[in-house]
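These notes concern the structure reproduced below.
Here the structure is a predicted model, which is why all the values come from computation and not from measurement.
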Amino acid sequence: NAVEDFALHPASLGEQGFALMQVSKTPGALISNVQAMRNSLVYGNTRVYANIAPAFAIFLRAENQGQDGLAALRAAGYGRAPLDPQNFLMQAFTAYQQSHAIDQKLASKSLSAADRNQLLAQRQQLVNQGNLLVGIQEQMVILQRPEVFGNPQVNRIVAATTPKMTLPDAVQTMKLLPNGGNWANFADRMGFVEVPRGSNPQAITVVDQSGVAHDYIPNPDVSKRQGTIYQYFVDNLPPARAQKMIQGTPLPLSHSFQDPNTGLSTIARWWHDATSWVGGLFDKDQPAAA
């Protein structure tokens, strides 16, 4: 989004736009970087939607009809390759189903305050677990592929722009990885740290794109969890915050996403029509092109 908007309005993105310039020594490199970023964003976002949105639709439809949502997911191909090769989505929806069962227990008026608080804590833990597993499916199975963050060019661009990246939502604008890291790195953006295989029973085993298994836990360094996906999920679990997120108005769709051809054509015109202004931005001392 930011890269496409930069193509349309290069002066409007401030530090993030200039961070992109700093990894693009020449106009040609800038166009190449914009093209690479756009391709990765389109690939990643469409495949996240195509993989995960149907899973929610299948599960919720079955549950609302009094059927077993997990059975419906299995029948649709989840829990195995190619849709869910590491079983993350089936585990996530199992947690969601268990949290819903706790909701039904909470409806009882005979519960003691202690029992209610215990059930609420269990439900919150299950929802957090489900959210995290869906996040891992998105971030490793889909977005860490060579077409997205596994692309070395995209990785370098994202590493350079990470210090300027933010996430606006219905509640606030969150600075991503304010204490260092590369958003293109799976563990960094998730807020995880790797531990030796089999050393921690609470670890989540994730197989990377090379087929190598890793055990991850939430980073015990609180500062390294700030601005990460894990911390974002945790921070938005409390009911008041979650309600604001649910009821919040979505951000307006960028013009660059409404017309997929606009970004690159605009940046090309911008370069040819404003060479005197742009030329001054590409100093000889800039870092080498990505």
Side-chain angles (χ1 to χ4, degrees), residues 44-45 47-63 68-103 120-145 148-150 167 169 183 185-195 197-220 224-225 227-238 241-242 245-246:
N45 288 335
R47 278 157 180 77
V48 164
Y49 181 84
N51 179 251
I52 293 173
F56 275 95
I58 292 165
F59 178 82
L60 293 174
R61 185 183 305 115
E63 292 284 323
D68 184 352
L70 298 179
L73 285 172
R74 280 191 289 269
Y78 289 90
R80 60 186 184 275
L83 295 178
D84 187 19
Q86 300 188 50
N87 204 39
F88 292 136
L89 290 182
M90 284 300 299
Q91 292 180 67
F93 283 99
T94 298
Y96 292 146
Q97 191 181 69
Q98 292 171 350
S99 71
H100 181 64
I102 290 177
D103 274 342
L120 286 170
Q122 290 174 0
R123 184 182 67 175
Q124 181 166 303
Q125 181 180 10
L126 286 165
V127 170
N128 189 44
Q129 178 185 350
N131 291 345
L132 193 60
L133 288 165
V134 171
I136 294 172
Q137 171 83 356
E138 292 178 354
Q139 301 302 320
M140 175 56 78
V141 177
I142 301 173
L143 298 183
Q144 206 61 39
R145 292 175 58 85
V148 194
F149 291 128
L167 174 64
D169 60 31
W183 192 256
N185 179 280
F186 170 77
D188 286 354
R189 68 178 180 274
M190 286 301 303
F192 288 168
V193 64
E194 187 171 1
V195 296
R197 291 277 286 124
S199 65
N200 189 321
Q202 303 300 317
I204 299 175
T205 300
V206 180
V207 178
D208 67 21
Q209 294 293 328
S210 300
V212 178
H214 305 263
D215 279 5
Y216 292 106
I217 61 171
N219 198 321
K224 292 297 185 181
R225 294 203 307 264
T228 66
I229 294 170
Y230 172 84
Q231 197 62 48
Y232 187 77
F233 286 162
V234 170
D235 289 346
N236 287 291
L237 273 179
R241 185 76 171 262
M245 295 289 288
I246 293 169

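The shortest heavy-atom contact between Y78 and N51 is OH-O, 2.8 Å. Minimum interatomic distance between A55 and L73 (heavy atoms only, all atoms of both residues): O-CD2, 3.4 Å. Of all heavy-atom pairs between T205 and R197, the closest is OG1-NH1, 3.4 Å. Looking at every heavy atom in both residues, L83 comes nearest to Q137 through O-NE2, 3.0 Å. Taking all atoms of both residues into account, the shortest heavy-atom contact from Q209 to Q144 is CG-O, 3.4 Å. The heavy-atom pair separating Q124 from L237 by the smallest distance is CG-CD1, 3.7 Å.
By the 4.5 Å heavy-atom criterion applied to side chains, N131 and Y96 are counted as neighbours. Side chains of D68 and E63 form a contact here, defined as non-hydrogen atoms less than 4.5 Å apart. Residues F192 and V206 fail the side-chain proximity criterion, which asks for heavy atoms closer than 4.5 Å. Between P220 and V193 there is a side-chain heavy-atom pair separated by less than 4.5 Å. A heavy-atom distance below 4.5 Å is found between the side chains of M190 and L132. For the pair I58 and F93, the minimum side-chain heavy-atom distance is 4.5 Å or more.
The number of heavy atoms from other shown groups lying within 6.0 Å of CD (Q97) is above 12.
Side chain of R80 to backbone of R74: a donor-acceptor contact under 3.5 angstrom is found. Without hydrogens or angle criteria, R225 side chain to N219 main chain gives a donor-acceptor distance under 3.5 Å. Not a single donor-acceptor pair under 3.5 Å links the side chain of R61 to the backbone N or O of A72.
Interatomic distance, CG of D84 versus CE of M90, reported as 7.5 Å (0.5 Å rounding). Here the CG atom belonging to D215 is positioned 7.5 Å from the CD atom belonging to E194, to the nearest 0.5 angstrom. With rounding to the nearest 0.5 Å, the separation of CD in E138 from CD1 in I136 is 10.5 Å. For the atom pair Q98 CD and L70 CG, the distance stands at 8.5 Å (nearest 0.5 Å).
F56 and F59 have their aromatic ring centers separated by at least 6.0 angstrom.
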Between L143 and F186, does a side chain to side chain contact (heavy atoms under 4.5 Å, CB included) hold up when you go through it step by step? CA-CA 9 Å; L143 298 183; F186 170 77; over 6 Å; no
Go through V134 and L89 one step at a time and tell me if the side chain to side chain contact (heavy atoms under 4.5 Å, CB included) criterion holds. CA-CA 6 Å; V134 171; L89 290 182; 4.1 Å; yes
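Partners of V207 according to the side chain to side chain contact (heavy atoms under 4.5 Å, CB included) rule, which considers only residues two or more places apart in sequence or in another chain, are Q86, A213.
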